[in-house]
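Reckoned from all heavy atoms, side chains included, excluding hydrogens, waters and symmetry mates.
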Amino acid sequence: MDQNALKEQTGKESVKYIKSGMIVGLGTGSTVKYMVDELGKQVQEGKIKDIIGVTTSSRTAKQATDLGITIKDIDDVDHIDLTIDGADEISDDFQGIKGGGGALLWEKIVANASNKVMWIVDESKLVHKLGAFPLPVEVIPFGAQHVFNRLEKKGYKPTWRMDGDQKYRTDENNYIIDLHLGEINDPKALADELIHMVGVVETGLFLNRVNDVIVGTQNGPKVLHAR
């Protein structure tokens with residue numbers, strides 16, 4: 001199977017964990033798109049009823065709404081039963097890098113409000129240590145070049161996330177700086193350092209935030225239990 005087939009397999013498998021009456025966090029990304037498509041199909045067929053979706057991006061909100069899934073703002077629900085989202089890298093100890101799709105801030109807010117978090121990935125996303133995938137850092141536009149310069153001085157090899165010839169804008173109208181680190185030896189220390197930089201809104205390090213991971217493999221979906 002090619003990578004898209006693995007993503008589709010994983011996305012469809014994750015819908016089995018969504019039950020009628022749940023409030024579900026709907027992530028962002030290519031694998032999640034297959035999950036939302038399958039969820040919409042089952043809602044339309046009446047197999048899953050009375051669910052509410054809370055989305056992590058405007059893109060997912062549009063997709064879900066077009067499929068007939070009821071969407072609410074995160075501040076209009078008091079909890080989320082289960083969030084299903086993708087990941088760009090998952091280490092051996094279930095730490096993650098997310099934000100390749102530019103939705104890291106909303107993704108972390110939704111994950112934080114969730115009773116359980118499930119990540120769905122193809123097997124290429126499993127790594128020994130984090131860092132080969134560029135680490136996204138969301139920054140406010142005001143003074144962003146100063147933050148960039150500080151990151152450059154620290155040797156973190158920053159680049160601006162671009163959208164054509166303009167800087168990419170998140171759903172909160174912020175910029176993203178991607179750090180090309182190669183390998184992250186101490187994710188917690190790096191997360192603490194970055195989040196305390198003035199101008200940084202959030203980082204793509206998702207540490208101790210996942211319960212289960214569904215991995216698409218050539219032999220079918222495999223479930224890994226993190227905690």
Interatomic distance, H79 atom NE2 to N115 atom CG [nearest 0.5 angstrom] = 5.5 Å

dist E193:CD -> T203:OG1 (nearest 0.5 Å) comes out at 11.0 Å

CZ on R209 to CG on N112, rounded to 0.5 Å | 5.0 Å

Are I51 and L39 close enough that some pair of their side-chain heavy atoms sits under 4.5 Å apart?
-> yes

Any side-chain heavy atom of I71 sitting closer than 4.5 Å to one from L26?
-> yes

ring-ring contact (aromatic ring centres under 6.0 Å, His included) contacts touching residues 165-194 (sequence neighbours left out) | W160-Y175

Taking a hydrophobic cluster as the set of Ile, Leu, Val, Met, Phe, Trp and Tyr residues connected by side-chain heavy atoms closer than 4.5 Å, whether directly or through intermediates, do V54 and L105 fall within one such cluster?
-> yes

F94 reachable from V121 in the ILVMFWY side-chain graph, under 4.5 Å edges | yes

When hydrophobic residues are tied together by side-chain contacts of less than 4.5 Å, even through go-betweens, does L181 share a cluster with V147?
-> yes

Any idea which heavy atoms bring M35 and V15 closest together, and the distance?
-> O-CG2, 3.5 Å

Does the S20 side chain pair with the main chain of K49, one donor and one acceptor, at a distance under 3.5 Å?
-> yes

Between the side chain of T65 and the main-chain N/O of K62, is any donor-acceptor distance below 3.5 Å?
-> no

Transitive ILVMFWY cluster of M1, excluding itself - 4.5 Å side-chain cut-off | L6

Test side-chain contact (heavy atoms from CB on, under 4.5 Å) applied to R161 and I177, step by step | CA-CA 6 Å; R161 178 82 58 91; I177 299 171; over 6 Å; no

Any chance you could lay out the salt bridge (Lys or Arg N to Asp or Glu O under 4.0 Å) test for D212 and K116, step after step, and finish with the verdict?
-> CA-CA 8 Å; D212 301 297; K116 291 193 81 172; 3.5 Å; yes

Is a donor on one side and an acceptor on the other found under 3.5 Å between the side chain of R150 and the backbone of M197?
-> no

Please test K7 against S30 for side-chain hydrogen bond (donor to acceptor under 3.5 Å, both in side chains), starting from the C-alpha separation and ending with a verdict.
-> CA-CA 8 Å; K7 290 179 178 184; S30 53; 2.8 Å; yes

Here the pair of heavy atoms bringing V32 nearest to I84 is CG2-O, 4.3 Å

Reported CD-to-NZ distance for the pair E152 and K157, which is rounded to 0.5 angstrom | 11.5 Å

Does the side chain of N149 pick up a donor-acceptor pair with the side chain of Q145 at under 3.5 Å?
-> yes

I would like to know whether D37 and K33 meet salt bridge (Lys or Arg N to Asp or Glu O under 4.0 Å); could you show each step before the answer?
-> CA-CA 6 Å; D37 281 340; K33 184 178 181 301; 3.5 Å; yes

Taking distance alone, no hydrogens or angles, what donor-acceptor pairs closer than 3.5 Å link side-chain atoms of residues 123-144 to residues at least two apart or in another chain?
unit_1 : atom_1 : unit_2 : atom_2 : d
S124   : OG     : Q3     : NE2    : 3.2
S124   : OG     : D122   : OD1    : 2.4
K125   : NZ     : D122   : OD2    : 3.0
H128   : ND1    : D92    : OD2    : 2.4
K129   : NZ     : N185   : OD1    : 2.7
E138   : OE2    : T170   : OG1    : 3.0
E138   : OE2    : N174   : ND2    : 2.9

Does the cation-pi check pass for K108 over F206, that is, NZ or CZ under 6.0 Å from the six-membered ring centre and within 45° of its axis?
-> yes

If you measure from OG1 on T217 to CD1 on I214, what distance do you get to the nearest 0.5 Å?
-> 12.0 Å

Scan side-chain atoms only and decide if S91 and D93 contain a donor-acceptor pair under the 3.5 Å cut-off.
-> yes

Just checking, is any N or O donor in the side chain of Q42 or E38 under 3.5 Å from an acceptor N or O on the other one?
-> yes

hydrophobic_cluster_shared for L67 and I18, side chain cutoff 4.5 Å | yes

What's the shortest heavy-atom distance between T28 and D85, and which atoms?
-> N-OD1, 3.1 Å

Looking only at non-hydrogen atoms, find the nearest pair between S57 and D171 and report the distance.
-> CA-OD2, 3.3 Å

Check the pair N208 / Q95 against side-chain contact (heavy atoms from CB on, under 4.5 Å), numbers first and verdict last.
-> CA-CA 6 Å; N208 304 318; Q95 308 308 318; 3.0 Å; yes

Nearest heavy-atom contact between G27 and T60 is O-OG1, 2.7 Å

Below 4.5 Å, heavy atoms only, C-beta onward: do I176 and L104 meet side chain to side chain?
-> yes

Short question: side chain of K19, backbone of K16 - any donor-acceptor pair under 3.5 Å?
-> yes

W106 side, atom CH2; T55 side, atom OG1 - distance, nearest 0.5 Å = 6.5 Å

Are any side-chain N or O atoms of N211 and backbone N or O atoms of M118, one a donor and one an acceptor, separated by less than 3.5 Å?
-> no

V223 to H225 - nearest heavy-atom pair and separation = CG1-CE1, 3.7 Å

side-chain contact (heavy atoms from CB on, under 4.5 Å) between I69 and V24, intermediate numbers included | CA-CA 11 Å; I69 299 168; V24 185; over 6 Å; no

Taking C-beta and beyond as the side chain, do I97 and I184 meet within less than 4.5 Å on heavy atoms?
-> yes

